[in-house]
There are 4 protein chains.
Amino acid sequence: MAANKKDLIRQAAIEVIVDRGFHAATTDAIAARAGVSVGTIYNYFRNKEAILEHIFQVELERRIDYLSSLPEDMPVLQKLELFLQWHFRVIAQDPATGRILLRERSNLINLPAIRGYMESMTSYLTSLVEEGIRKGQFRRSNAALTGAIMFGALEAAVRHSIMAFEKTGRPLELITQEAARELFLFFSRSLQ
Amino acid sequence: MAANKKDLIRQAAIEVIVDRGFHAATTDAIAARAGVSVGTIYNYFRNKEAILEHIFQVELERRIDYLSSLPEDMPVLQKLELFLQWHFRVIAQDPATGRILLRERSNLINLPAIRGYMESMTSYLTSLVEEGIRKGQFRRSNAALTGAIMFGALEAAVRHSIMAFEKTGRPLELITQEAARELFLFFSRSLQ
Amino acid sequence: MAANKKDLIRQAAIEVIVDRGFHAATTDAIAARAGVSVGTIYNYFRNKEAILEHIFQVELERRIDYLSSLPEDMPVLQKLELFLQWHFRVIAQDPATGRILLRERSNLINLPAIRGYMESMTSYLTSLVEEGIRKGQFRRSNAALTGAIMFGALEAAVRHSIMAFEKTGRPLELITQEAARELFLFFSRSLQ
Amino acid sequence: MAANKKDLIRQAAIEVIVDRGFHAATTDAIAARAGVSVGTIYNYFRNKEAILEHIFQVELERRIDYLSSLPEDMPVLQKLELFLQWHFRVIAQDPATGRILLRERSNLINLPAIRGYMESMTSYLTSLVEEGIRKGQFRRSNAALTGAIMFGALEAAVRHSIMAFEKTGRPLELITQEAARELFLFFSRSLQ
DNA sequence: TATGAATGAGTGTTCATTCAT
DNA sequence: GATGAATGAACACTCATTCAT
């Protein structure tokens with residue numbers, strides 16, 4: 001899971017941040033969890049914020065990689081469906097990271113990587129909406145606003161899934177699958 | 001605007017938090033903005049977190065007050081439309097508070113008042129969905145999940161409106177009105 | 001000796017810095033010596049460097065005060081003699097501060113107050129030389145260079161006095177008196 | 001210029017220390033400038049301080065070498081003149097080292113090599129004064145104090161020369177030649 | 001009630017030094 | 001000898017909170 005030391009530290013940071021939040025996650029604790037010394041962190045990251053930036057950067061890249069793998073000419077709705085399913089599957093496999101993506105985004109929104117994450121995700125959804133409209137598959141709408149709305153809805157569905165998992169203990173895979181389905185239905189009715 | 005000293009401090013805190021975020025908003029800065037001394041803050045609030053809790057508490061109460069003013073037998077979609085219009089109007093009148101509701105919510109989600117705000121808002125939307133389904137005005141769905149999705153979408157629309165205002169300088173009233181309309185359209189298609 | 005808390009901290013800092021040098025003088029140690037907590041230091045000084053700047057500032061002001069008390073029309077050599085006697089008397093009364101003026105000056109020469117101290121002292125000596133030349137009491141010379149040389153000689157004499165005191169244990173008053181005399185003789189022959 | 005690796009590191013250290021001062025000159029930076037790795041430094045020097053000690057040691061040896069080349073029976077004043085000329089010529093050729101000799105001396109005065117440098121230089125000047133007095137070429141005086149004063153004056157003249165060079169841009173050779181002349185005149189009048 | 005100086009635990013970051021390769 | 005990743009002690013500085021006035 002941690003091919004190299006930078007990844008090792010990233011994983012440790014994710015765990016500690018999930019437990020305590022970014023501000024309460026001390027560099028000492030991250031180092032201890034990673035089994036390295038504090039100094040080592042600074043061999044791989046400029047400072048503490050850079051760890052969080054890296055976390056978002058990595059997640060953004062994963063999403064971009066997935067999205068660019070979808071064939072250009074696939075019906076827009078289907079792209080959306082696949083993306084939602086993939087997204088929730090990833091969350092189910094690594095809920096800790098999912099939680100960070102939710103929790104720390106708002107507060108540290110000034111960090112470039114985090115802005116970048118939000119904006120990239122939103123603009124991908126926006127571009128999907130535009131494509132759908134252009135191809136006559138979606139009704140006309142303010143695409144930018146719609147993309148933003150969809151991103152918010154997506155995150156809320158993730159958050160709700162994680163909370164439902166914590167409350168009920170039902171398998172996270174099932175919960176997220178259902179959320180993906182429900183969200184897709186919600187979107188497909190709204191957009192068409 | 002600040003009937004008593006507690007309100008005065010609440011307003012000052014809102015302004016400072018909007019400028020810097022909760023963690024960077026020192027009690028000294030809040031006191032200075034309020035024109036009182038640090039010590040005075042502690043006569044009205046248990047600690048710094050309690051200020052934030054109070055901010056959310058007050059906003060929650062405003063929303064509850066508005067919602068209970070809607071007649072019970074009004075069509076559900078109309079209730080939703082009125083609520084959205086009212087909500088965006090409030091944001092347009094006091095965008096600072098709106099920003100706090102967005103920015104600080106995630107990070108300090110463990111504070112009871114903040115959880116309470118989120119949960120109350122979500123459960124109001126959930127209950128609207130349930131009412132719609134029960135009365136045959138909405139299609140069947142997982143109401144809790146749908147409520148959560150709607151809350152996320154609502155916040156995202158607010159965030160997008162504020163950012164659009166900052167970027168374009170268009171009057172916030174117009175931006176929020178359009179957002180309210182678009183969001184209502186989005187919801188009404190999804191739900192029916 | 002320490003009228004107010006800022007002075008108290010200044011005195012404590014002088015003692016600790018004399019013992020260990022500026023870089024090894026931790027803020028904790030200064031606070032402990034002053035009998036206050038670390039935080040209190042920062043109520044009176046911007047940062048650690050500001051303490052050193054303040055030390056030099058105070059000493060510079062003392063010297064300026066003394067120098068401006070000398071009558072304008074006094075023979076230049078006599079002004080020089082009085083200044084040397086006063087300077088060495090001050091050192092004898094507060095050798096710790098004298099040591100700081102010597103030891104820390106070079107290393108932290110970029111701090112404004114320290115540059116200011118050196119430059120002010122040097123330019124006072126330079127102006128004395130210029131005055132002497134103008135009034136026909138001194139031979140012609142490069143006044144700026146001569147002033148610099150005199151400042152260096154003065155500091156070296158102080159340093160030598162303190163070291164002689166440490167080695168021999170002779171009363172510092174006697175050592176510095178002799179140094180003042182010898183230095184004056186040295187200067188008066190050089191300058192005329 | 002760097003016959004072996006130890007010299008290479010010494011030169012690199014001189015450059016970095018001149019740029020930043022000893023405390024801000026990290027071993028990493030010195031290693032980088034020398035084109036070696038940190039570890040290599042520790043094959044040639046016990047620790048970081050030892051580099052500075054070595055710098056002073058080398059400079060001291062150069063001065064001792066020069067001084068022992070002067071014929072024993074040369075008039076004392078002429079020895080002094082030649083030494084001053086030589087010293088300022090060396091500074092003009094390698095101002096970086098000159099700056100270190102000035103800047104770092106005071107602060108790290110506890111290092112044996114640095115004490116040694118100061119004391120050797122001072123005691124050479126002292127022995128010149130004693131010789132002059134013994135041979136009836138100088139007036140009577142406290143030779144040790146006079147030697148110290150002369151060392152201080154010498155350093156101040158060097159410092160002033162370097163600063164004048166930085167401010168005016170005049171050729172350093174000319175500035176130092178003039179300083180050597182002026183300083184010699186200053187000394188010869190004082191001593192006789 | 002109001003004040004604001006004093007507190008001191010807590011934390012990000014640096015950097016000389018080591019040592020396995 | 002040479003390397004440079006890893007180490008971890010050390011330190012400046014912050015800021016929520018208290019309490020004597």
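Chain naming here is simple, since letters A, B, ... match the order of the sequence lines and numbering starts at 1 in each.
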Take atom NZ of C:Lys48 and atom C1' of F:dA12, then tell me their distance rounded to the nearest Å. 8 Å
Is B:Tyr44 close enough to E:dA2 that one of its side-chain N or O atoms is under 4.0 Å from OP1 or OP2 there? yes
Length of the line joining D:Ile51:CD1 and E:dT17:C1', which is rounded to integer Å: 12 Å
With a 3.5 Å limit on both atom pairs, tell me what E:dT21 is paired to, counting Watson-Crick and G-U wobble, or say none. F:dA2
Take atom CG of C:Asn4 and atom P of E:dA6, then tell me their distance rounded to the nearest Å. 10 Å
Backbone N/O of B:Val58 and side chain of B:Arg62: donor-acceptor pair under 3.5 Å: no
A:Ile41 CD1 to E:dT14 P, in whole Å, measures 13 Å
If I take atom NZ in residue D:Lys6 and atom P in nucleotide F:dA2, what distance separates them, rounded to the nearest angstrom? 13 Å
Report yes if a side-chain nitrogen or oxygen of B:Thr26 is closer than 4.0 Å to either non-bridging phosphate oxygen (OP1 or OP2) of F:dC15; otherwise report no. no
Under 3.5 Å on both distances, the Watson-Crick or G-U partner of E:dA9: F:dT14
By nearest atom, which of the nucleotides F:dG8, E:dA16, E:dG12 is closest to the A:Val38 side chain? F:dG8
Could you tell me the separation between the CG atom of B:Asn43 and the P atom of E:dG4, rounded to a whole number of Å? 13 Å
For the backbone of A:Val36 and the side chain of A:Thr40, can you confirm whether one donor and one acceptor N or O come within less than 3.5 Å of each other? no
Could you pick out which residue, A:Thr27 or D:Asp28, lies toward the 5' side of DNA chain E when each is mapped onto its nearest nucleotide? A:Thr27
Need one value for A:Ala25: base, sugar-phosphate or nothing, where a base atom within 4.0 Å counts as base even if backbone is also close, heavy atoms only. sugar-phosphate
Atom-to-atom span, CZ of D:Phe45 to C1' of F:dG1 - whole angstrom: 15 Å
Lys/Arg N to Asp/Glu carboxylate O, C:Arg159 vs C:Glu155, below 4.0 Å: no
Strictly by Watson-Crick or wobble contacts shorter than 3.5 Å, is anything paired with F:dT7, and which nucleotide is it? E:dA16
Comparing A:Val36 with D:Ser37, nearest DNA chain F nucleotide closer to 5' gives the residue D:Ser37
Please tell me which of D:Gly39 and C:Tyr42 maps to the more 5' nucleotide of DNA chain F, matching each residue to the nucleotide holding its nearest heavy atom. D:Gly39
How close or far is atom P of E:dT14 from atom CZ of D:Phe22, stated in whole angstroms? 19 Å
When rounded to the nearest 0.5 Å, the distance separating CZ of D:Arg10 from CD of D:Glu15 is 11.0 Å
Consider only side-chain N and O atoms of B:Glu61 and B:Gln57, and report whether a donor and an acceptor are under 3.5 Å apart. yes
Taking only side-chain N and O atoms of A:Lys5, does any of them lie within less than 4.0 angstrom of OP1 or OP2 on F:dA6? yes
